[in-house]
Every structure is written in structure tokens, then in C-alpha cells.
Amino acid sequence: NNFLPFVDAKLAISKDYYTKNRYKKWITNKHSRKRAHLIRSYYDCIISTSKTINDDNSFLDCRIKGLEKKSPSIIIIDRKLNIKKNLKILKKVKNRRLFIFTENPNKSKKKYFETRGIKIILFKKMKTLNDFKNILLSARKLGFSRILIESGLTFVNFLLKGKFLENLYIFKTNH
């Protein structure tokens, strides 16, 4: 429990190295998305940011026939508790644990999420590399030993700088 969990990250990028497409929902093709679902099945937890969750409105699950029960639990890093309340991922919590790690002690928001089965974990600070080390240790104490990061470039770069990542999956399109 005193060791950091194994942490990998996954990024989908365009030919010109953007992680978002203004015109289409997905950057990558159907084959890449299926591969991403398979990769998710290898982990017990996905960590993402509220910005990514709010922008993408994704389920972050495994949608391969026979592996649906391998969908990992979710930790959302949301310093200011800005997560939208009507997101798909918040409505489909079945068979998975969902946590929001935040600095915001807003009691009414905490109550709203907790009545929906989402656990809020409060941190004093969530800015520095050392703070994130504490976040990973907290994830480990929750029972997560294999974590996949699915977020944007800013957060992945932060993790690379802190040398938290073991592997980086990059899905790059020709478009």
C-alpha cells in the first residue's frame, strides 16, 4: 500500500498533434476505438480530469462483447468540483466505483454526487507533483494497482514531467 500504482496513459491525436476535432466526435477510427476498449479492460481504474470528462462526455468503459464487466472504476480529478451533473458517465455507474477527487468542500455538491453512488474525496492541494503522488497513493489505498490515464495533453505532460507513467499508448490518425 505504500507503493505507487502502475500508471499508463492513452492519447488519441490527429496528424497535426491535436487531441480534439472540432468537426467530428472521434479523432481515431473504429479499429482504434476497439483497441482502446480492450486496453481499458487491463486496468482496474481510469483517471481522467473533469475538463476531459465534461468535453468528451464519454462512458470510459469497455464495450467489447464478453468484456463489459472488465470496465474499470473511475477517478475524476476535479479541483474545483466543476463536473457537469448530466454526464453519461455519472448515470452509468453500475458495477463500477466512481470517485471525484477535489479540493472543493462544497457540501451540497458532495451530497448530490454521493446520493448517486459517487464518492467524493477531499484533498488540501492538487497542484504539484508531490500532491499528485499523494493522489496516486490514495488511489492505491482504494485498492487500485493498475491505472490508465485518459485525459488531454496538459495532464499527460504533467505526469510525464513527474515520471509517473510507465507506458504511453498513442493513437494517431492520418487526418
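Since this is a predicted model, take the numbers as computed values, not measurements. All values below were derived from every heavy atom in this structure, side-chain atoms included, with hydrogens, water molecules and symmetry-related copies excluded.
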*Kindly state each residue pair satisfying ring pair (Phe, Tyr, Trp, His ring centres under 6.0 Å) with at least one member in residues 101-136, sequence neighbours excluded.*
Phe101-Phe123, Phe132-Phe155, Phe132-Phe164

*Dump the intermediate steps for side chain to side chain contact (heavy atoms under 4.5 Å, CB included) on Ile39 and Phe171, then the final yes or no.*
CA-CA 12 Å; Ile39 289 169; Phe171 292 85; 3.7 Å; yes

*Would you say Phe158 and Leu160 are hydrophobically clustered, going by side-chain heavy atoms of ILVMFWY under 4.5 Å?*
yes

*Would you give the length of the straight line joining atom OG of Ser41 to atom CG of Leu67, rounded to the nearest 0.5 angstrom?*
5.0 Å

*So which pairs with a foot in residues 71-86 pass side chain to side chain donor-acceptor pair (under 3.5 Å), sequence neighbours left out?*
Ser50-Asp78

*Look up atom CD1 in Ile135 and atom CD1 in Ile121, then write down how far apart they are to the nearest 0.5 Å.*
10.5 Å

*Mind checking whether Ile118 and Leu90 have side chains closer than 4.5 Å, heavy atoms only?*
yes

_Pairwise side-chain contact, Asp44 with Ser145, heavy-atom cut-off 4.5 Å (strictly under)_ = yes

*What pairs meet the salt bridge (Lys or Arg N to Asp or Glu O under 4.0 Å) rule with one or both residues in residues 143-170, with sequence neighbours excluded?*
Lys10-Glu150, Arg40-Glu150

*Could you pull out all residues at least two apart from Tyr42 that satisfy side-chain hydrogen bond (donor to acceptor under 3.5 Å, both in side chains)?*
none

*Does Ile149 belong to the same Ile/Leu/Val/Met/Phe/Trp/Tyr cluster as Met126, with side-chain heavy atoms less than 4.5 Å apart forming each link?*
yes

*Do the side chain of His37 and the main chain of Arg63 share a donor and acceptor less than 3.5 angstrom apart?*
yes

*Determine yes or no for a side-chain-to-main-chain donor-acceptor pair under 3.5 angstrom, with Lys109 supplying the side chain and Leu81 the backbone.*
yes

*Go through the structure and list residues passing side-chain hydrogen bond (donor to acceptor under 3.5 Å, both in side chains) with Thr49, not counting sequence neighbours.*
Thr52

*side-chain contact (heavy atoms from CB on, under 4.5 Å) involving Leu122 - partner list, sequence neighbours excluded*: Thr102, Pro105

_Donor-acceptor pair, distance only, cut-off 3.5 Å: does the side chain of Asn104 make one with the backbone of Asn106?_
yes

*asked:* For Glu114, give me all partners under side-chain contact (heavy atoms from CB on, under 4.5 Å), at least two apart in sequence or on another chain.
replied: Lys110, Ile120

*What residues form a side-chain hydrogen bond (donor to acceptor under 3.5 Å, both in side chains) with Asn54, not counting sequence neighbours?*
none

*Any residue meeting side-chain hydrogen bond (donor to acceptor under 3.5 Å, both in side chains) with Thr115, in chain and number order, not counting sequence neighbours*: none

*Please lay out, stage by stage, how Ile83 and Ile76 fare under the test side chain to side chain contact (heavy atoms under 4.5 Å, CB included).*
CA-CA 9 Å; Ile83 190 136; Ile76 301 169; 3.5 Å; yes

*Leu165 vs Asp8, side chain to side chain contact (heavy atoms under 4.5 Å, CB included): CA-CA, chis, key distance, verdict*: CA-CA 5 Å; Leu165 298 180; Asp8 291 341; 5.8 Å; no

*asked:* Within the structure provided, determine whether Ile89 and Ile74 are in side-chain contact (heavy-atom separation under 4.5 Å).
replied: yes

*Do Leu142 and Ile77 share a hydrophobic cluster (ILVMFWY, side-chain heavy atoms under 4.5 Å, transitive)?*
yes

*Can you find a heavy atom in the side chain of Asp61 that is under 4.5 Å from one in the side chain of Arg96?*
yes

*Inter- and intrachain pairs under side chain to side chain donor-acceptor pair (under 3.5 Å), touching residues 123-133, at least two apart*: Thr128-Asp131

*Would Phe144 and Arg97 count as a side chain to side chain contact (heavy atoms under 4.5 Å, CB included) if you check the C-alpha gap in whole Å, the side-chain angles of each, and the deciding distance to 0.1 Å?*
CA-CA 11 Å; Phe144 303 125; Arg97 298 187 296 163; 3.1 Å; yes

